[in-house]
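We use all heavy atoms of the structure for the numbers below, so side chains are in, but hydrogens, waters and symmetry mates are not. Sequential numbering from 1 along the given sequence is applied to the chain's residues.
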Amino acid sequence: MNLTLKIWRQDGPRARGELVTYQVNDISPDMSFLEMLDVLNERLNAEGAEPVAFDSDCREGICGMCGLMISGDAHGPEKTTTCQLHMRSFKDGETITIEPWRADAFPIIRDLVVDRSAFDRIIQAGGFISVNTGSAPDANATPVPKPKADRAFMAAECIGCGACVAACPNAAAMLFMGAKITHLGELPQGQPERAMRVQAMVAQHDQEGFGGCTNIGECSAACPKGIPMDVISQLNHDLRRAGSGKF
């Protein structure tokens, strides 16, 4: 495959950025998208040019580090992570535009790399349970109804990649936050701090500069793990109960 790439290049957070055009040839359709970028960077290194900076780690669709806007879609045209996107999803001769996540709360560090530490601070604000650690209890020591366990596991699949923020017209992180609140809110261990958790996390979300949810639905559509929008309903429900003191 021969492709034209228009890639956002930006030397630093305060530098002026622009789209730069590159040609890549003889790309195997079985390559992952990141492997295609590796091929480009190997060529740029050989030419003495600055390689394109982008994030990646596990390359197994687990860590969420690899998020990119690809021709206007978070993670690209398939519902998967960028590292699991393969070049067979594109056509020979296609022009692909590659940009970083666009959100005030995700400032650009360099090229395609953004700072997603705002997510970390939201988790630090309340996305945890304060129970004493020790030996693992028996699996049946704390009974959990299967529907609640299944829903907790579903919400826990969120990998914090930020695609929901990048896809949202308001750059809201409500799907991410709703997944974390639902995950812990469905389990007995999460009940003592349930009210504090939702209030603290929402306050941190707003402080970080994320937008508000207006139920557009692009967040769930872009989520590589298929987190449903009803976790946002759960978040709002918990927030209202916490405000009224009814927990």
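Between F33 and F90, the angle of the ring planes lies from 30° to 60°, which puts this pair in the tilted group.
In the hydrophobic clustering of this structure, F54 groups with L85; members are Ile, Leu, Val, Met, Phe, Trp, Tyr whose side-chain heavy atoms approach within less than 4.5 Å, directly or through other members. The hydrophobic cluster containing I123 also contains L239, counting ILVMFWY residues as joined when their side-chain heavy atoms lie under 4.5 angstrom apart, directly or transitively.
Side chain of R151 to main chain of T182: no donor-acceptor pair is present (N/O by atom type, distance under 3.5 Å, no hydrogens or angles). Put simply, the side chain of E99 never gets that close to the backbone of I70: no donor and acceptor are under 3.5 Å apart. A donor-acceptor pair under 3.5 Å links the side-chain atoms of N41 to the main chain of V52, judged by distance alone. Proximity of a side-chain donor or acceptor of S244 to a complementary backbone N or O of R241 within less than 3.5 Å is detected. The backbone N or O of A53 sits nowhere less than 3.5 Å from a side-chain atom of R9 that would complete a donor-acceptor pair. Checking side-chain atoms of W8 against main-chain N and O of V20 turns up no donor-acceptor pair under 3.5 Å. The backbone N or O of G93 lies less than 3.5 Å from no partner atom in the side chain of N2, so there is not a single donor-acceptor pair. No donor-acceptor pair under 3.5 Å is formed between the side chain of E218 and the backbone N or O of C164.
Side-chain contact check for T82 and H75: at least one donor-acceptor pair (N or O, by modelled atom type) lies under 3.5 Å. For the residue pair S130 and E193, a side-chain donor N or O sits within less than 3.5 Å of a side-chain acceptor on the partner. Judged by distance alone, the side chains of D230 and Q234 never bring a donor and an acceptor atom under 3.5 Å apart.
In this structure, E157 does not pair ionically with K225, as no charged nitrogen and carboxylate oxygen lie closer than 4.0 Å. Checked for salt-bridge contact, E50 and R110 meet the test: a charged N lies under 4.0 Å from a carboxylate O.
Between the CD1 atom in I216 and the CG atom in N170 there is a gap of 6.5 Å [rounded to 0.5 Å]. We find the CG-CG distance between L112 and D55 to be 9.0 Å, quoted to the nearest 0.5 Å. Taking CG of N215 as the reference point, atom CD1 of I232 lies at 6.5 Å (rounded to 0.5 Å).
Within the structure, salt bridge (charged side-chain N to carboxylate O under 4.0 Å, His left out) pairs that include any residue of residues 78-89 comprise D30-R88 (at least two apart or interchain).
Under the rule for a side-chain contact (heavy atoms from CB on, under 4.5 Å), the partners of E208 that lie at least two apart in sequence or sit in another chain are A118, R121, Q204, F210. Scored by the ring pair (Phe, Tyr, Trp, His ring centres under 6.0 Å) test, Y22 finds no partners at all (sequence neighbours excluded).
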TODO: May I have the step-by-step check of salt bridge (Lys or Arg N to Asp or Glu O under 4.0 Å) for R59 and D38, ending in yes or no?
DONE: CA-CA 12 Å; R59 299 203 178 197; D38 289 338; 2.7 Å; yes

